[in-house]
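Contents: one structure, followed by commentary.
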Protein chains: 4
Amino acid sequence: DNMPLFIAGPCLIESRAMALQTADELQRISREQGVHFIFKGSYRKANRTSGRSFTGIGDIEALEVLAEIRQDYGMPVITDVHETKEVALAARYVDVLQIPAFLCRQTELLVAAGESGLAVNIKKGQFMAPEDMALAAAKVVETGNKRVMLTERGSSFGYHNLVVDFRGLAKMAESGYPVLYDATHSLQLPAAGQGVSGGERQYVLPLARAAVAAGVNGLFFEIHPDPSKALSDAATQIPLADFSTMVKQLLHLYRCVHALHSL
Amino acid sequence: DNMPLFIAGPCLIESRAMALQTADELQRISREQGVHFIFKGSYRKANRTSGRSFTGIGDIEALEVLAEIRQDYGMPVITDVHETKEVALAARYVDVLQIPAFLCRQTELLVAAGESGLAVNIKKGQFMAPEDMALAAAKVVETGNKRVMLTERGSSFGYHNLVVDFRGLAKMAESGYPVLYDATHSLQLPAAGQGVSGGERQYVLPLARAAVAAGVNGLFFEIHPDPSKALSDAATQIPLADFSTMVKQLLHLYRCVHALHSL
Amino acid sequence: DNMPLFIAGPCLIESRAMALQTADELQRISREQGVHFIFKGSYRKANRTSGRSFTGIGDIEALEVLAEIRQDYGMPVITDVHETKEVALAARYVDVLQIPAFLCRQTELLVAAGESGLAVNIKKGQFMAPEDMALAAAKVVETGNKRVMLTERGSSFGYHNLVVDFRGLAKMAESGYPVLYDATHSLQLPAAGQGVSGGERQYVLPLARAAVAAGVNGLFFEIHPDPSKALSDAATQIPLADFSTMVKQLLHLYRCVHALHSL
Amino acid sequence: DNMPLFIAGPCLIESRAMALQTADELQRISREQGVHFIFKGSYRKANRTSGRSFTGIGDIEALEVLAEIRQDYGMPVITDVHETKEVALAARYVDVLQIPAFLCRQTELLVAAGESGLAVNIKKGQFMAPEDMALAAAKVVETGNKRVMLTERGSSFGYHNLVVDFRGLAKMAESGYPVLYDATHSLQLPAAGQGVSGGERQYVLPLARAAVAAGVNGLFFEIHPDPSKALSDAATQIPLADFSTMVKQLLHLYRCVHALHSL
């Protein structure tokens with residue numbers, strides 16, 4: 001297949017309207033460019049730096065928005081779960097469960113996600129060596145569920161900073177699972193502000209290009225109608241209006257990279 | 001007060017017998033040296049590197065061992081909780097709840113622990129800047145529970161390695177909460193073996209001395225009757241037979257350090 | 001221009017024969033693919049991990065080999081200098097002077113290199129933030145010599161490991177100087193062996209592709225007729241026999257990346 | 001011996017007057033507390049972040065100030081050398097040569113320092129694993145000069161930050177050489193300002209205490225009559241007026257730590 005997998009959507013389902021606006025644009029890009037998206041949206045944020053940050057519109061309300069997008073747009077949807085009790089709930093609404101990076105070592109959560117039978121996307125912990133992600137994947141696979149993806153989103157590099165180790169993309173691929181690159185969280189500067197994470201959005205595209213050239217199977221983006229008003233990750237989400245061009249560049253590059261092998 | 005707080009006990013309640021043997025020795029040291037211990041034991045391990053590792057003897061069974069020690073030895077007991085559902089259960093058996101380092105950003109868990117009314121010990125995440133721990137503490141305090149302690153256990157330093165930033169002890173103290181130094185986990189080499197964490201036990205004592213000299217309020221040790229047979233953290237737990245001398249040195253040093261201010 | 005700059009050659013001039021064999025192959029690739037090389041060779045190694053390592057065949061002898069390649073192959077040549085006294089000597093034989101990464105803060109050396117009037121390639125220190133390389137470049141430019149290039153070769157990431165921060169390539173480019181990516185030293189594992197640096201050669205090509213996609217102006221490779229017998233950097237030098245295919249892939253990718261802007 | 005070695009003095013010999021004022025105070029503390037100092041002063045700064053920074057009053061002038069202090073105060077003196085050509089010059093004026101951290105891998109410089117016959121203090125590179133410092137020391141020792149000391153001054157921890165790995169003090173001690181802790185440079189924030197290094201002076205004392213408790217043989221401090229006016233390292237040098245109390249605390253602690261072994 002000469003198409004990468006794309007996961008895209010807002011950090012958080014802030015409202016039904018903004019989620020549908022985002023899905024509209026993904027549908028348009030999908031038709032225009034022949035690419036397939038998995039729609040991403042958190043139904044709540046469980047690990048905000050500060051306890052006072054906005055955490056969501058209500059679990060059921062947000063999950064129903066995801067279900068609506070799945071049905072009306074024909075796009076698979078993904079959301080993240082933080083405790084085992086959330087798995088059964090979320091699994092009724094989505095196609096893929098995501099394990100947040102901080103939680104990639106929580107055995108019980110990985111097992112519960114595996115037992116749901118849904119595909120599971122495990123984010124690599126900021127504290128984790130890439131080759132050790134095979135152990136996290138194995139916790140899911142041992143439930144009999146082999147549909148595991150691994151996603152890079154940066155490693156701790158001193159305080160308030162992340163670095164993407166591009167060797168890690170290859171090392172994770174050696175485990176045999178599809179490897180995605182999270183193009184927006186990787187550019188975060190964790191808690192660099194007053195209890196709010198900053199970011200360097202200007203490097204999202206060059207690093208996404210680098211990940212494609214390094215050989216990833218897919219890309220993960222947080223996108224938002226107006227990031228300056230986003231209720232989370234305002235510094236790194238990509239404006240909806242810019243996303244189409246990014247996708248076009250990355251698809252073109254992906255095809256070019258895959259043609260290199262025949263040179 | 002010229003006494004540091006000590007938290008000590010086995011990584012995991014591997015059996016009633018080994019827990020009581022450990023409590024016996026702590027009681028003996030307590031009487032001999034006039035120091036107070038909080039007895040520590042995990043009732044299950046939820047974040048093992050590999051899903052095949054031993055995770056416990058059963059939740060209730062292990063919690064009842066902790067309750068027995070609390071009652072028969074008159075020692076407060078502490079255990080760690082990994083999901084909100086565990087809080088109500090554990091709170092019936094222990095005096096202090098501990099938030100594991102990987103989970104120090106999970107708002108819901110911090111809130112649930114705070115709402116239990118028990119004291120809460122938050123381990124600093126390996127990915128977390130020390131000054132940001134004030135935000136984690138605030139999530140507990142906002143429930144009306146001010147009994148928060150912060151514990152350093154190392155920061156990610158490349159892969160498979162941790163470094164203790166001793167500036168961080170002072171920076172966490174600036175938040176106003178008691179600061180403890182976890183003398184054994186800080187010397188771990190995460191997942192350095194085949195899915196098993198290694199460690200450098202030979203540096204546990206010099207770094208514990210350094211932490212006392214830097215001004216911590218307390219120390220945390222994992223101790224075991226025979227670490228070579230320990231079912232977790234075998235590379236860093238301190239043999240029961242060695243612990244008394246360590247405590248003696250650290251108490252002596254603590255008094256010395258606190259006398260420096262009057263020089 | 002739709003061609004990247006390539007710097008390539010052996011880590012060390014181990015003998016006249018191996019240097020000429022390498023130059024032969026570069027000449028062949030150059031004619032075949034229309035790419036231009038600057039021939040690289042150290043005339044001595046001044047910073048070996050161990051004092052017992054081989055350091056060279058003699059300064060003058062090695063510099064004369066470089067001069068011979070410059071004249072007979074029509075290729076510009078580059079070598080590294082470690083102290084100011086070496087500048088005047090090396091400048092008589094080469095076209096570009098290189099400042100080693102450990103020495104990128106040595107003002108006197110940068111000034112001496114600048115005053116030579118030759119182009120100067122400054123490797124980014126493993127301890128240096130990319131944006132601070134503008135200050136290193138300024139030390140050369142203040143001599144009136146504006147021919148400065150900056151080369152990334154990895155940042156310290158814990159002990160015995162380097163990580164390439166691909167944001168840094170863009171940050172250095174913001175300074176206005178051409179930015180190169182050192183594809184082989186970036187994969188070193190410093191002093192990971194018994195006083196000898198190891199490396200992960202298998203990731204040289206995917207990371208070089210990533211650097212091209214991120215937008216570098218050029219690439220730096222150490223290549224050797226038989227790396228298994230190399231007297232330095234044996235773990236990362238690229239076999240001469242493999243280099244032609246690498247160059248072909250990277251040129252193709254470079255053209256593709258530069259065409260993205262017109263999409 | 002129950003006395004640590006102290007190296008202290010200004011970062012840079014800014015003038016004869018400020019150097020003598022500093023030596024006066026060291027002499028007073030020495031008589032009062034029975035401690036011995038080696039007087040430290042750079043005669044030029046060769047690795048300033050920015051090429052425009054002040055680099056010294058002239059080499060010979062500064063070295064003569066050091067020689068005057070050696071003679072008139074009976075204190076040994078130490079200065080740092082950056083290229084082999086400086087060794088012969090500096091060796092005529094000082095008792096100990098210091099190899100800067102960035103230069104700890106420069107074989108020729110280490111050999112030249114060793115051949116001077118003077119004691120050599122090697123700062124550990126910010127990019128260097130502590131156990132690898134034995135290889136740097138060996139380069140000096142192989143000249144027949146066994147008078148080597150190793151000094152910790154922090155390891156790169158992300159950008160613009162250093163962390164002191166206290167395990168490293170013990171690991172360097174395993175090499176058999178005396179180990180010092182550089183209490184002021186370890187608190188630098190490299191190039192954190194506009195081409196000027198910042199620092200966290202408030203943590204100099206707690207970390208120096210920690211180093212003593214961890215078991216170092218000596219301590220290194222930069223001190224200045226008025227750090228706010230210092231021409232280099234203004235953020236970390238200790239005011240002359242505060243140094244006596246620091247020394248008193250650290251001596252008291254040192255004796256206490258050395259008495260622990262007999263507990």
Side-chain angles (χ1 to χ4, degrees), chain A residues 33 127 129-131 152 154-158 161-174 179 181 183 186-189 199-216 244-263, chain C residues 33 127 129-131 152 154-158 161-174 179 181 183 186-189 199-216 244-263:
Chain A
Q33 304 192 29
F127 47 79
E131 60 270 29
E152 163 70 19
S155 295
S156 290
F157 187 61
N161 202 1
L162 298 172
V163 67
V164 176
D165 180 0
F166 280 76
R167 297 171 303 180
L169 300 174
K171 288 178 185 178
M172 287 199 285
E174 290 163 12
V179 173
Y181 169 68
S186 293
L187 270 301
Q188 276 191 328
L189 301 173
E200 300 179 304
R201 187 165 30 221
Q202 68 273 35
Y203 306 124
V204 166
L205 182 55
L207 268 74
R209 288 199 314 253
V212 167
V216 292
S244 173
T245 305
M246 277 197 184
V247 171
K248 191 181 295 178
Q249 279 203 18
L250 294 167
L251 280 179
H252 189 84
L253 183 64
Y254 185 88
R255 290 191 199 102
C256 169
V257 168
H258 285 258
L260 295 178
H261 302 298
S262 58
L263 283 184
Chain C
Q33 304 192 28
F127 46 80
E131 61 270 29
E152 162 70 19
S155 294
S156 290
F157 186 61
N161 202 1
L162 298 173
V163 67
V164 176
D165 180 359
F166 279 76
R167 298 171 301 182
L169 300 175
K171 289 179 185 179
M172 287 197 286
E174 289 162 14
V179 173
Y181 168 67
S186 292
L187 270 300
Q188 276 191 329
L189 301 173
E200 301 179 302
R201 185 164 34 220
Q202 69 271 36
Y203 306 124
V204 167
L205 181 55
L207 268 75
R209 288 199 314 251
V212 168
V216 293
S244 173
T245 304
M246 278 197 184
V247 171
K248 192 180 294 179
Q249 279 203 18
L250 294 167
L251 281 179
H252 188 84
L253 183 65
Y254 185 88
R255 289 191 200 101
C256 170
V257 168
H258 284 258
L260 295 178
H261 301 298
S262 58
L263 284 184

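Reminder, nothing fancy here: chain letters follow the sequence lines and each chain counts from 1.
Under the side chain to side chain contact (heavy atoms under 4.5 Å, CB included) test applied with A:L250, the options A:R255, A:Q33, A:R209 reduce to a single match, A:R209.
Scanning all heavy atoms of the two residues, the minimum distance from A:G154 to A:V164 falls at CA-CG2, 4.3 Å.
Side chain of A:Q249 to backbone of A:L251: no donor-acceptor contact under 3.5 angstrom is found.
Side-chain contact between A:L207 and A:E200 is absent, with no heavy-atom pair separated by less than 4.5 Å. Contact check for A:Y181 versus A:S186: side-chain heavy atoms found under the 4.5 Å cut-off.
For the options A:G168, A:G215, A:A210, A:G158, heavy-atom pairs under 4.5 Å to chain C are most numerous at A:A210. The greatest number of non-hydrogen atom pairs below 4.5 Å with chain C, out of A:L263, A:V212, A:V257, A:L169, is found for A:L263.
In this structure, the portion of C:S156 lying under 4.5 Å from any heavy atom of chain A is its backbone and not its side chain. When heavy atoms are compared at a cutoff of 4.5 Å, C:Q202 does not approach chain A at all. Contacts of C:L162 with chain A are made by backbone atoms alone, with heavy-atom separations under 4.5 Å and no side-chain atom involved. Using a 4.5 Å cut-off between heavy atoms, C:L187 touches chain A through its side chain atoms alone.
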